[in-house]
Amino acid sequence: MALSSKDKLNLTVGKDNWFLNVPSNLKGKRLRTCDGPLGVREEKDYTYTYPSICFPSPASLASSFDKKLVYDINKEIGKEAKNRGISVMLSPGINIKRNTLCGRNFEYFSEDPVLSGLMAKSAIRGLEESGSAACVKHYLLNNFENSRFNISHNVDDKALNEIYLKNFMIAIKEGKPSSIMTSYNLVNGKYISESKEFLDLPRNKWGFSGLYISDWGGVRDKKTALLSGLDVEMPHSNKNDELVDQLDDLSESLERTTKNITKFIKKYGYREKERKDVNNGRDLASYAVANSIILLKNEENILPIGKPEKIALIGHLAEEPCYAGYGSSQVTPINVLRLKDRLIKYIDNISYTPGYDKDGKTNDKFLEKIEECVKGKEKVVFVLGALPFHEGEGWDRGNMEIPRGMLVALAKAYSINPNIIVLLEAGSPLEIEDVKKYAKGILLSYMGGEMMAEGEALVLSGKVSPSGRLAETWPKSFKDSPIYYNYNRDIYNLYQTESIYVGYRYYDKAKIDVSYPFGYGLSYSKFLFTKLKCRISKKELIAKVTVKNIGDVSQSTPIMLYISKEDSNTFRPIKELIGFEKVFLNKNEKKRIKISVPLDYLKVYDFDTKDMVLEDGEYILLIGDSSVNLSLNKTFTLKGVTLNKDLKAKVPEYFYIKDNKFPLSSFKRIFDNDINHDGSSKKADWNTVFKNLTSLPNGRLARDTFYKAIEELYKGDDERIERSKRDIQYFPFRIIKTFSGIQNDEIFKLIFSIVNGE
């Protein structure tokens with residue numbers, strides 16, 4: 001029987017929080033979605049999620065520069081999802097790390113679009129080849145958790161195409177995901193879920209033929225979203241009730257959505273079957289950690305630690321590790337390993353003391369125990385960094401500081417025994433200049449999931465040589481960040497005045513000293529690069545190089561390929577990553593490595609033609625095992641277009657960067673739009689942001705009433721109460737409704753009438 005228009009409309013909204021509605025002709029099939037990307041976050045209800053392996057975070061995995069590793073992990077996640085009757089994994093998340101403070105950075109790969117895009121491609125293929133659908137997210141520009149529901153990212157077309165669309169282009173064009181999740185935010189004044197321009201682009205240019213799914217609660221105007229190209233609104237809502245009298249206007253859109261949804265469910269839907277817990281990936285998870293850890297410092301070859309050496313282990317994080325972040329990626333782990341327990345497998349003589357408490361605070365008693373613990377020891381392993389679940393979805397971090405108590409405890413240990421090895425655990429960059437003063441060795445494991453302690457122990461003991469490289473810059477402080485002077489000024493408009501100068505593109509160009517640069521990392525061995533060759537075909541650049549392990553340790557190493565162009569008529573970074581591979585080499589072994597780079601990766605934005613083009617002229621190819629060890633280079637020529645020279649005269653400040661004060665007046669010379677998105681409400685309604693309640697009549701009463709409800713709901717859990725009050729600040733009421741589970745519109749309408757003094 002043919003579907004009615006109303007039936008078709010019903011398909012465009014979730015059946016509940018996780019399931020899609022299924023067409024009547026596919027009766028008996030089900031289609032369930034599930035959060036990622038650290039593992040399978042399978043909810044039983046709002047209070048319980050089933051245990052599953054918590055794999056290393058994308059921030060950790062990106063540091064491996066190992067595409068096959070990312071593929072293997074996601075294939076394992078996909079298998080587990082399928083065993084549990086889950087059709088769609090809502091991952092990978094690939095947003096560019098523009099904002100060092102973004103609370104969700106641990107969920108994303110990199111500040112670089114090529115690294116982010118290629119890692120995403122591997123993740124997508126792993127999921128899809130396991131039989132699960134990937135849902136790449138968050139399209140587009142979700143790099144700011146505060147105000148993510150209502151802020152407009154206003155960005156020039158050059159940065160948009162060269163940075164923020166490029167990673168999605170690679171992931172979608174080459175990875176071929178079955179679905180894409182639209183982000184909450186606006187771009188240049190339009191919500192992504194309502195932007196025909198941005199929703200048409202992957203379908204028309206990148207070969208996307210799958211399903212567009214909204215982020216949960218991310219649809220403001222359902223009719224506009226459907227007309228623009230959105231297929232499914234998640235989760236369940238009552239917005240369709242407003243459209244039943246407008247079905248004629250939506251007939252063409254509903255034909256499209258029905259076709260897309262039916263095709264998707266035919267491929268990924270399933271009939272009811274027995275649910276299985278398998279969880280076979282724990283060894284893979286610990287291997288992934290060990291191959292992602294970054295060696296930042298190794299004075300006097302303090303690392304690795306010999307099995308018979310006497311060691312002091314300090315840090316409460318060695319008991320309660322910072323293995324994951326808070327929010328929709330929060331997997332319930334099977335068994336979180338502790339470094340305190342794992343290190344004794346590889347090192348015979350270890351003494352332990354926490355040094356600080358679970359809140360990162362220390363006192364005289366802790367410091368006395370540190371003195372006892374480190375005396376007479378050959379080396380000290382000090383674990384510090386971010387507190388567990390300090391980072392998460394829904395808010396930006398307030399700063400990049402390490403808890404002061406940790407630093408006081410570290411200084412105390414150093415004053416007695418200077419042979420310090422610091423092990424850093426965090427989801428995002430921290431201010432570590434003080435840490436560097438007190439450490440001869442520094443290892444960074446990011447958030448490594450439940451098997452992190454095993455991977456850390458393998459690297460500390462030298463069973464595995466670290467081969468990770470930084471997938472993002474670690475600046476000395478947030479004040480050095482390119483967005484510092486343009487951060488969090490307005491909850492409705494964000495002008496990205498730095499343009500393309502995100503991450504290392506800025507720090508290199510402005511010659512800003514950083515704690516550690518993008519692509520940095522050491523190892524326990526050494527590698528020699530020789531015989532660099534390069535040729536250009538119609539569609540790609542092909543580089544070949546011979547790599548030899550000339551050190552004493554058999555291990556893996558990344559091979560990084562950058563390009564530089566000095567005589568350009570457009571503004572460019574000093575260098576940019578265009579490709580990479582990873583190879584394992586035994587001692588004295590050498591291999592010939594090939595890296596193929598699509599010429600699309602080398603294109604720049606032409607302000608005249610408003611298109612991406614290859615710029616004519618001479619380029620330099622640079623290759624090595626880290627960004628500061630690009631030991632070989634080769635000049636090559638590309639045939640392309642000659643760009644207009646007038647741009648340099650129009651915006652010289654973007655060619656010669658001096659600091660991070662990017663004035664709006666300069667930005668507007670490259671920004672064609674005249675955006676002044678104002679989402680503020682004169683009256684309380686579904687789009688009113690909670691934080692702005694107090695500016696409206698009776699708003700304080702409504703705010704205090706909400707606070708009391710939260711206090712009553714989580715009575716006795718002060719941490720949960722404070723976190724909930726913090727989370728809600730930037731929520732519009734349409735989002736509060738979605739996540740509160742209250743579907744009765746009349747309750748909210750009553751609140752609005754009270755706030756508005758009606």
Side-chain angles (χ1 to χ4, degrees), residues 35-38 41 54 56-60 62 90-111 116 137-138 140-151 153 181 183-185 215-218 322-331 359-360 385-403 424-431 446-449 471-475 477-478 481 483-484 486-489 491 494 496 502-503 689-691 719-732 735-736 739:
D35 279 324
L38 279 71
R41 196 183 80 87
C54 181
S57 66
S60 174
L90 303 173
S91 66
I94 69 169
N95 293 102
I96 296 295
K97 298 186 187 184
R98 170 184 178 264
N99 172 16
T100 315
L101 298 181
C102 177
R104 215 166 176 179
N105 276 346
F106 69 93
E107 284 191 56
Y108 303 145
F109 288 117
S110 179
E111 67 188 29
S116 178
K137 63 184 186 182
H138 307 88
L140 178 68
L141 274 155
N142 187 168
N143 51 45
F144 193 92
E145 287 299 286
N146 290 354
S147 308
R148 62 181 170 153
F149 301 109
N150 43 269
I151 199 158
H153 290 260
M181 183 189 292
S183 59
Y184 290 119
N185 54 280
D215 204 340
W216 269 228
C322 180
Y323 69 92
Y326 169 77
S328 61
S329 68
Q330 192 174 335
V331 174
D359 298 316
L387 297 172
F389 302 103
H390 172 71
E391 300 166 53
E393 180 181 2
W395 73 90
D396 287 343
R397 295 186 295 160
N399 55 58
M400 291 169 50
E401 297 172 5
I402 292 172
L424 281 167
E425 297 178 355
S428 295
L430 300 168
E431 294 178 3
Y446 275 98
M447 290 177 175
E472 62 189 325
T473 307
W474 277 51
S477 77
F478 183 60
S481 163
I483 72 166
Y484 176 71
N486 193 26
Y487 176 74
N488 213 13
R489 288 183 176 181
I491 67 170
L494 178 62
Q496 298 192 187
V502 180
V689 176
F690 186 84
K691 187 182 177 78
E719 184 181 337
R720 183 74 179 269
I721 289 169
E722 288 308 306
R723 191 168 69 195
S724 297
K725 287 180 179 179
R726 176 193 62 198
D727 288 357
I728 204 173
Q729 292 304 311
Y730 294 99
F731 280 25
I735 299 296
I736 293 173
F739 289 111

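Only a predicted model underlies this, so the values are computations on that prediction, with no experimental measurement involved. Starting from 1, each residue takes its place in the sequence as its number.
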Partner of Phe109 under side chain to side chain contact (heavy atoms under 4.5 Å, CB included), picked from Ser57, Ser116, Ser60, is Ser116
Please name all residues satisfying salt bridge (Lys or Arg N to Asp or Glu O under 4.0 Å) with Arg98, sequence neighbours left out, ordered by chain then number.
Glu498
Sequence-distant partners of Pro37, side chain to side chain contact (heavy atoms under 4.5 Å, CB included), two or more places apart
Pro58, Ser91, Glu107, Ser329
Going by the rule ring pair (Phe, Tyr, Trp, His ring centres under 6.0 Å), which residues pair with Phe478 if we only count those two or more places apart in sequence or in a different chain?
Tyr484, Tyr487
Of Ile96, Ile483, Thr473, the one forming a side chain to side chain contact (heavy atoms under 4.5 Å, CB included) with Val502 is Ile96
Measure the spacing between CZ of Arg104 and OG of Ser428 and express it to the nearest 0.5 Å.
12.5 Å
Give, for atom CD of Glu111 and atom OG1 of Thr100, the distance between the pair rounded to the nearest 0.5 Å.
8.0 Å
Could you pull out all residues at least two apart from Glu431 that satisfy salt bridge (Lys or Arg N to Asp or Glu O under 4.0 Å)?
none
Beyond-backbone contact of Pro56 with Met447, side-chain heavy atoms, under 4.5 angstrom
no
Of all residues at least two apart in sequence or in a different chain, which pass the side chain to side chain contact (heavy atoms under 4.5 Å, CB included) check with Ser183?
His138, Asn142, Asn185, Ile192
Separation between NZ of Lys691 and OG of Ser147, rounded to the nearest 0.5 Å
8.0 Å
Taking only residues two or more places apart in sequence, or in another chain, which ones meet Glu425 in a salt bridge (Lys or Arg N to Asp or Glu O under 4.0 Å)?
none
Any sub-3.5 Å donor-acceptor pair from Glu391's side-chain atoms to Gly427's backbone N or O?
yes
Kindly write out the residues that satisfy ring pair (Phe, Tyr, Trp, His ring centres under 6.0 Å) with Phe149, not counting sequence neighbours, or none if the list is empty.
Tyr184, Phe731
4.5 Å side-chain heavy-atom contact, Leu141 and Asn95
no
Got Trp216 and Met181 here, is their nearest side-chain heavy-atom distance under 4.5 Å?
yes
Which distance, rounded to the nearest 0.5 Å, do you find between the OG of Ser110 and the CG of Asn105?
10.5 Å
Please name all residues satisfying side chain to side chain contact (heavy atoms under 4.5 Å, CB included) with Lys725, sequence neighbours left out, ordered by chain then number.
Tyr707, Ile710, Glu711, Ile721, Glu722
Of all residues at least two apart in sequence or in a different chain, which pass the side chain to side chain contact (heavy atoms under 4.5 Å, CB included) check with Gln330?
Tyr326, Phe389
Taking Ser328's backbone N and O only, do any of them form a donor-acceptor pair with Arg41's side chain (distance below 3.5 Å, no angle check)?
yes
Could you walk me through whether Trp474 and Leu430 pass the side-chain contact (heavy atoms from CB on, under 4.5 Å) test, one step at a time?
CA-CA 7 Å; Trp474 277 51; Leu430 300 168; 4.0 Å; yes
Counting C-beta onward and ignoring hydrogens, is there a side-chain heavy-atom pair between Asn99 and Asp396 closer than 4.5 Å?
yes
Determine yes or no for a side-chain-to-main-chain donor-acceptor pair under 3.5 angstrom, with Lys137 supplying the side chain and Leu90 the backbone.
yes
Side-chain contact test, heavy atoms from C-beta onward, threshold under 4.5 Å: evaluate it for Val689 versus Gln729 and give yes or no.
no
Show your working on side-chain contact (heavy atoms from CB on, under 4.5 Å) between Asn146 and Trp395 and close with a plain yes or no.
CA-CA 5 Å; Asn146 290 354; Trp395 73 90; 4.0 Å; yes
Would a 4.5 Å heavy-atom cut-off, applied to side chains only, mark Met400 and Pro475 as touching?
yes
Approximate separation, where rounding is to 0.5 Å, of Ile735 CD1 and Asp215 CG:
8.0 Å
Between Glu472 and Pro429, is any pair of side-chain heavy atoms under 4.5 Å apart?
yes
Residue set satisfying ring pair (Phe, Tyr, Trp, His ring centres under 6.0 Å) with Phe106, at least two apart, ordered chain then number -> none
Is the shortest heavy-atom distance from the side chain of Leu387 to the side chain of Pro403 under 4.5 Å?
yes
Is a side-chain N or O of Glu145 found less than 3.5 angstrom from the main chain of Gly394, in a donor-acceptor match?
yes
What residues form a side chain to side chain donor-acceptor pair (under 3.5 Å) with Ser481, not counting sequence neighbours?
none
If the condition is side chain to side chain donor-acceptor pair (under 3.5 Å), which residues does Tyr323 pass it with, not counting sequence neighbours?
none
